[in-house]
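What follows is a set of notes on a single structure, which appears directly below.
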Amino acid sequence: MKSEVDISELTFEQLKRVRAHLKKMIEVGGSDLHVKANSVIRARINGDIVQFSGGIFTKENAITFAKELLTGRFGEFVEKKELDLVYPFDENNRFRVNIFFQMDGVSAVFRVIPVKIPSFEELHLPEVIKSFAYKERGLVLVTGVTGSGKSTTLAALVNEINVHRKKHIITIEDPIEFVHKDNGCIINQRSVGQDTLSFGTALRAALREDPDIILVGEMRDRETINLALHAADTGHLVFSTLHTVDAKETINRIIAQFPTEEQNRVRLSVAGVLQGVISQRLVPTVDGGRRAALEILVRTPMIEKLIMENRDYEIRDTIEAGKEHYKSQSFDQAIYDLYSEKIISKEQALENATSPADLELKISGLSSGTISNDPNAEVKQVEITTDDDIFGLK
């Protein structure tokens with residue numbers, strides 16, 4: 001395949017065709033446009049994939065489209081077989097694009113990136129998340145599956161710092177999604193591949209660039225994790241993401257990246273620097289939209305102790321116990337609140353719950369402490385603990 005592109009030979013008709021579908025998707029509030037060779041064009045609307053075009057996007061159409069989209073980077077695409085980039089649609093809309101080869105030819109996925117950074121209120125984020133923007137040091141992780149809104153939550157946190165604090169922020173992203181203009185802060189945004197060779201290279205350099213806050217788009221490998229932990233331990237506030245489903249798995253995933261002989265050291269490091277974990281799931285709402293259900297781990301003496309002592313299986317119970325005092329919450333607590341406020345249906349609540357059976361009992365007004373009316377039932381002794389007992393403050 002010829003990798004050099006003669007722009008004078010391009011008509012940009014295929015790019016115009018895709019742009020028409022991007023415009024349609026923006027109008028109906030979709031999140032992703034899927035362009036695939038030898039298939040119809042589809043979009044993700046409120047979590048579901050729906051057909052957008054009637055005609056087939058042929059293999060030849062797809063190759064031409066790739067040339068029109070990438071122009072001078074088409075050779076790089078042919079060599080690497082996949083590329084990430086940001087496509088500015090107009091002054092109000094930008095897209096994160098991944099274009100790649102597959103068995104039928106070329107495919108591309110366009111993800112909407114809002115130009116306007118949503119506020120905490122618009123995102124319906126609990127107030128406790130805003131408190132992470134005011135930490136002086138440590139590690140804050142935002143986790144969840146692809147498309148769960150991690151980048152948007154991080155953008156809201158950076159914007160909060162930019163408006164209300166006077167700091168130097170360095171972001172390392174692949175690619176840059178939300179663009180931040182200097183307000184109270186100096187913000188240097190670096191794109192992997194364009195402005196730096198890798199997350200590890202940029203993170204190592206960032207420590208010599210007088211940062212207060214470092215945002216690492218994703219902790220993908222052991223080197224990046226090690227450097228992020230070091231940065232957090234040496235007085236910086238570090239934000240990053242992981243593709244993990246909840247707080248407990250997040251901690252396990254970090255530690256499991258290292259050889260067995262290093263895991264105790266890493267566990268102690270995580271216990272010492274972790275300020276919080278925000279895990280996200282997007283749940284369909286009764287009005288046809290989606291709302292983020294959030295598990296929030298907040299650093300407490302007990303959480304630190306559980307991580308240090310490898311008692312990760314107790315983390316969820318401790319998160320739930322801290323809801324009133326520390327504003328932490330498990331997924332099931334968040335989902336129950338959304339159901340109680342009539343934002344999501346019972347069906348969606350149970351489908352997205354970590355423990356559907358326990359949540360159904362709670363929804364039904366039952367709990368494990370319900371007293372049986374059966375006089376022959378076994379009576380269990382329950383030890384009552386105080387908040388001080390739970391959080392290790394005694």
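In this chain, residues are counted from 1 in sequence order. The figures here come from the full heavy-atom set of this structure, side chains too, leaving out hydrogens, waters and symmetry mates. Remember, predicted model here, so these are calculated numbers, not experimental data.
- Classified by interplanar angle (parallel below 30°, tilted 30° to 60°, perpendicular above 60°), the ring pair Phe101/Phe77 is parallel.
- Arg111 places no side-chain N or O within 3.5 Å of a backbone atom of Arg96 that could act as its donor or acceptor partner.
- Under 4.0 Å is where a charged nitrogen must lie from a carboxylate oxygen, and between Arg94 and Glu177 no such pair does.
- A salt bridge links Lys16 to Glu13: one of the charged nitrogens lies within less than 4.0 Å of a carboxylate oxygen.
- At least one donor-acceptor pair closer than 3.5 Å links the side chain of Asp182 to the backbone N or O of Ile187.
- If you check the side chains of Ser355 and Arg316, you find a donor sitting under 3.5 Å from an acceptor.
- Taking 4.0 Å as the cut-off between side-chain N and carboxylate O, Asp90 and Arg19 do not count as a salt-bridged pair.
- Hydrophobic clustering places Val28 together with Ile41 (ILVMFWY residues linked when any side-chain heavy atoms are closer than 4.5 Å, directly or through intermediates).
- Classification of the Tyr134-His164 ring pair by plane angle, with boundaries at 30° and 60°, yields tilted.
- Cation-pi contact between Arg265 and Phe258: present, with separation from the ring centre below 6.0 Å and deviation from the ring axis of at most 45°.
- Ion pairing between Arg220 and Asp174 holds under the 4.0 Å rule for side-chain N and carboxylate O.
- Ion pair Lys150/Glu218 not flagged as a salt bridge, since none of the NZ, NE, NH1 or NH2 atoms sits closer than 4.0 Å to an Asp/Glu carboxylate oxygen.
- Between Phe89 and Tyr87, the angle of the ring planes goes over 60°, which puts this pair in the perpendicular group of the 30/60° scheme.
- Between the side chain of Thr241 and the backbone N or O of Gly217, at least one donor-acceptor pair lies under 3.5 Å.
- Taking a cutoff of 4.0 Å between a charged side-chain nitrogen and a carboxylate oxygen, Lys116 and Glu122 qualify as a salt bridge.
- Here the options are Ile161, Ile278, Thr171, the test is side-chain contact (heavy atoms from CB on, under 4.5 Å), and the partner is Phe239; only Ile161 passes.
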